Amino acid sequence: MSPFFAFVKKETLHILRDPRTLVILLGMPIAQVILFGFAITNELNDVRVAIFDSAKDPVSMEISDRLTSSGFFQLSAETGKEEDLEGVFQHERVKLVVVFPPGFQERFYRNDNPQIQLIADATDPNTATTIVAYASAIIRQYEEEKKGSAALPYAIKTEVRMRYNEELKSVFLFVPGVITIILMLVSAMMTSIALTREKELGTMEVLLVSPLRPLVIVVGKVVPYIALGLIIMGIILGLATTVFQMPIRGSLGLLVAECLLFVSTSLSLGILISSRVKTQMVALLISLMALMLPTILLSGFIFPVENMPWLLQIISHIVPARWFIVIVKGIMLKGAGLEVLWEETLILVFMTIVLIGASIRSFKLRLE
Amino acid sequence: MSIHHISKSYGPVQALNDVSFEVSKGELFGLIGPDGAGKTTLIRILTTLLLPDSGEARVIGLDPVKEFRALRKHVGYMPGRFSLYQDLTVEENLNFFATIFGTSVRENYHLIKDIYSQIEPFKDRKAGNLSGGMKQKLALSCAMIHEPEVLILDEPTTGVDAVSRKEFWEMLHRLKDRGITILVSTPYMDEASLCDRVALIQNGHILNVGAPADLVKSYSRHLWAVKASHTLRLIEDLRKHPAAYSAFPFGDSVHLALKGELAEGELLDYLSKKEHREIEIKAVEANIEDVFMELMAKKQAV
């Protein structure tokens with residue numbers, strides 16, 4: 001056996017002999033995808049709604065029916081007086097109150113500026129906006145059906161299509177983000193910890209006083225983690241495509257290749273960190289603070305990069321995850337190929353080369 | 001192995017101060033001194049792990065600074081801390097170290113047979129679960145597996161029980177008989193007599209170098225081992241005596257070194273007056289620790 005393979009074998013044994021970490025590493029992506037896919041969702045289901053109907057005529061009741069039978073809303077309180085408004089929001093925990101003024105039907109058919117008031121609970125602004133948008137759409141649709149478009153001769157009708165994610169499934173947004181975070185976590189954090197562990201336990205001393213070249217030590221250390229990263233990617237993609245019917249519209253081969261590229265970028269970051277610190281604890285903290293936070297916050301995974309202040313936008317350019325998320329979304333959702341994503345890919349390649357160069361240079365041949 | 005005027009400091013702390021000595025081929029050489037004397041620093045410089053601030057060294061004719069790659073192939077090094085993989089088994093550790101040195105256990109089994117055969121029954125046990133003595137045997141096997149010309153051991157017997165210590169030294173002697181040059185550091189003065197030659201080191205200074213027997217012979221003072229019922233008070237009173245050069249505890253007695261002559265009866269009278277009981281006085285031969293204390297006191301006086 002060559003020294004290199006002996007090293008890879010040893011490192012693999014380390015990973016396998018620590019089943020707790022392994023379970024966390026393999027379980028985390030599953031938990032995250034399922035959490036993001038099912039629990040953390042922007043889609044509406046059975047939102048509690050109250051209807052204050054002062055009109056009580058066929059039109060207002062029909063609209064109420066439409067709302068409650070849409071599946072998005074669930075009726076939890078009806079009629080009442082304006083004064084009850086606060087109580088309904090506080091005690092019934094409704095998110096939306098629909099108010100019909102008296103004589104609504106008459107004004108509706110006379111085209112005399114018929115009004116429905118929608119009062120939403122805006123403690124969560126995003127949800128409130130979505131709820132109001134859903135309700136408005138249902139009401140508008142009703143109006144069109146009753147009057148036909150002829151009744152509104154000058155209205156501009158917009159037809160919206162949500163391309164690449166027709167149903168606005170949030171899991172489509174989260175899967176690329178989760179892949180990015182987990183790959184970063186496994187590659188950068190685990191390798192930086194694995195390398196500093198050798199320093200901390202003193203085994204690095206023996207490795208240094210051996211004919212092993214630094215490149216062999218570093219690459220041998222890293223290869224098992226690349227494999228682990230790919231296994232995890234497989235788990236995430238498997239879950240995303242089967243449980244959440246997420247498509248992979250582009251080439252799977254390209255996706256795997258890009259993941260390998262991103263894993264290399266993260267690994268070289270991990271190696272760089274480990275060459276600068278002495279203890280596993282510090283390596284862990286630096287990986288979390290300097291890598292995980294930017295990956296989550298500045299990559300466009302949660303907050304769109306375009307909406308950030310210009311300073312953060314500039315900083316986001318050096319976050320590898322920012323480019324990788326564009327690549328994953330492009331391949332999986334848009335079916336894009338290298339002809340579209342070459343720019344992002346090149347940026348990652350460049351980052352990787354610089355980081356590997358820097359980490360090999362700063363790998364110490366001695367103890368100090 | 002030769003060391004010429006090596007100095008090394010960590011910030012304001014001078015770890016090694018102009019250290020020089022030679023180790024001949026095939027010698028079992030002891031580096032003896034208390035914790036913090038600079039033993040580990042010197043060993044790390046010789047094993048290419050640290051760079052000296054000044055001075056130069058040769059190990060099997062190679063410079064640990066410039067020719068570190070060549071040297072790393074021929075040195076067997078056993079660090080002070082147990083530095084094997086605790087989560088790998090005994091056998092996996094040995095195989096790993098054999099492979100990274102470009103050899104195999106089968107090829108060089110004869111080199112470690114003596115030592116390894118003692119722990120072979122536990123070869124499937126994780127290294128972390130071995131006893132202290134067995135860990136040392138495994139570490140020595142791993143350091144020996146690539147047939148090094150020089151073996152450098154940093155405090156191999158620290159934290160190991162007395163029986164294992166004795167066994168370990170026997171192993172070192174057998175390796176020495178095979179012609180391997182061995183440099184071993186230890187804080188235990190009583191291990192000095194097991195070496196061919198020793199260097200006594202304290203605060204980064206080499207106090208003396210020589211064969212243990214010669215060092216002991218060079219000790220010129222009269223030495224008495226004194227025992228009494230109350231050891232602590234005994235030391236204080238002995239130190240107050242005008243003829244006393246030094247007094248320090250040694251095992252269950254106190255070693256008293258004299259400046260000049262003092263009759264046994266006089267000392268007995270002196271101690272009786274101070275109300276000591278069960279007094280025993282006998283003249284003893286100096287040992288390495290006495291030599292060390294004497295040299296240390298001299299150094300401090302300068």
Side-chain angles (χ1 to χ4, degrees), chain A residues 1-23 25 190 193-225 275 278-280 360 362-368, chain B residues 8 10-11 15 40-41 43-53 59 64-65 68-89 91-105 126-128 139 142-143 145-146 148 150-152 154:
Chain A
M1 211 190 322
S2 78
F4 176 72
F5 282 111
F7 211 98
V8 173
K9 185 183 160 201
K10 174 207 80 124
E11 206 52 40
T12 312
L13 284 175
H14 285 322
I15 297 175
L16 296 178
R17 296 272 159 88
D18 186 5
R20 250 183 303 175
T21 313
L22 194 61
V23 165
L25 285 179
M190 293 312 292
I193 290 177
L195 271 165
T196 36
R197 186 174 50 204
E198 301 251 3
K199 285 192 200 177
E200 218 175 301
L201 294 178
T203 44
M204 191 55 106
E205 233 175 297
V206 188
L207 292 183
L208 285 176
V209 188
S210 76
L212 281 184
R213 294 263 169 173
L215 194 66
V216 174
I217 297 181
V218 169
V219 177
K221 203 92 202 153
V222 148
V223 163
Y225 287 98
S275 65
K278 285 206 172 100
T279 63
Q280 297 182 63
I360 297 246
S362 56
F363 185 87
K364 295 183 187 65
L365 293 166
R366 296 191 163 82
L367 279 181
E368 49 192 292
Chain B
K8 171 83 188 170
Y10 300 107
T40 299
T41 305
I43 281 184
R44 285 181 170 170
I45 289 174
L46 294 176
T47 51
T48 77
L49 286 171
L50 288 179
L51 297 174
D53 295 340
V59 179
V65 177
F68 69 95
R69 280 203 196 286
L71 181 55
R72 284 178 182 185
K73 288 190 183 112
H74 303 289
V75 175
Y77 170 49
M78 196 174 139
R81 247 179 336 154
F82 180 64
S83 300
L84 301 176
Y85 296 100
Q86 315 243 5
D87 54 342
L88 299 190
T89 64
E91 199 177 19
E92 283 162 350
N93 265 299
L94 191 62
N95 277 324
F96 173 70
F97 284 101
T99 317
I100 64 171
F101 278 96
T103 175
S104 69
V105 176
K126 285 189 187 160
C142 290
I145 190 69
H146 61 293
V150 187
L151 196 56
I152 298 181
D154 191 9

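Just so it is clear, the structure is predicted and the values come from calculations on it, not from any experiment. Chain letters run A, B, ... following the sequence lines, proteins first and then strands; every chain starts at 1. The basis for the numbers below is simple: all heavy atoms, side chains too, and nothing from hydrogens, waters or symmetry mates.
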Checking heavy atoms, do the side chain of A/Phe4, its backbone, both or neither come under 4.5 Å from chain B? neither
Segment of [X] engaging chain A (4.5 angstrom heavy-atom cut-off):
X	answer
B/Leu84	backbone
B/Pro148	neither
B/Phe97	side chain

Would you compute the distance between atom [atom1] of [X] and atom [atom2] of [Y] and round it to the nearest 0.5 angstrom?
X	Y	atom1	atom2	answer
A/Leu208	B/Thr47	CG	OG1	9.5 Å
B/Thr89	A/Arg17	OG1	CZ	6.0 Å
A/Glu11	B/Tyr85	CD	OH	7.5 Å
A/Leu212	B/Arg72	CG	CZ	10.0 Å

Ignoring hydrogens, what is the shortest heavy-atom contact between [X] and [Y]? Give both atom names and the distance.
X	Y	value
B/Thr99	A/Ser2	CG2-O, 3.8 Å
A/His14	B/Asp87	ND1-OD2, 2.7 Å
A/Val209	B/Tyr77	CG2-CD2, 3.6 Å
B/Ile100	A/Pro211	O-CD, 3.8 Å

Salt bridge flag under 4.0 Å for residues A/Glu205 and B/Arg44: yes
For A/Arg213, is the CZ atom crowded, meaning more than 12 foreign heavy atoms sit under 6.0 Å from it? no
Kindly indicate, with the supporting measurements, whether the criterion side-chain contact (heavy atoms from CB on, under 4.5 Å) is fulfilled by B/Arg81 and A/Leu201. CA-CA 8 Å; B/Arg81 247 179 336 154; A/Leu201 294 178; 5.7 Å; no
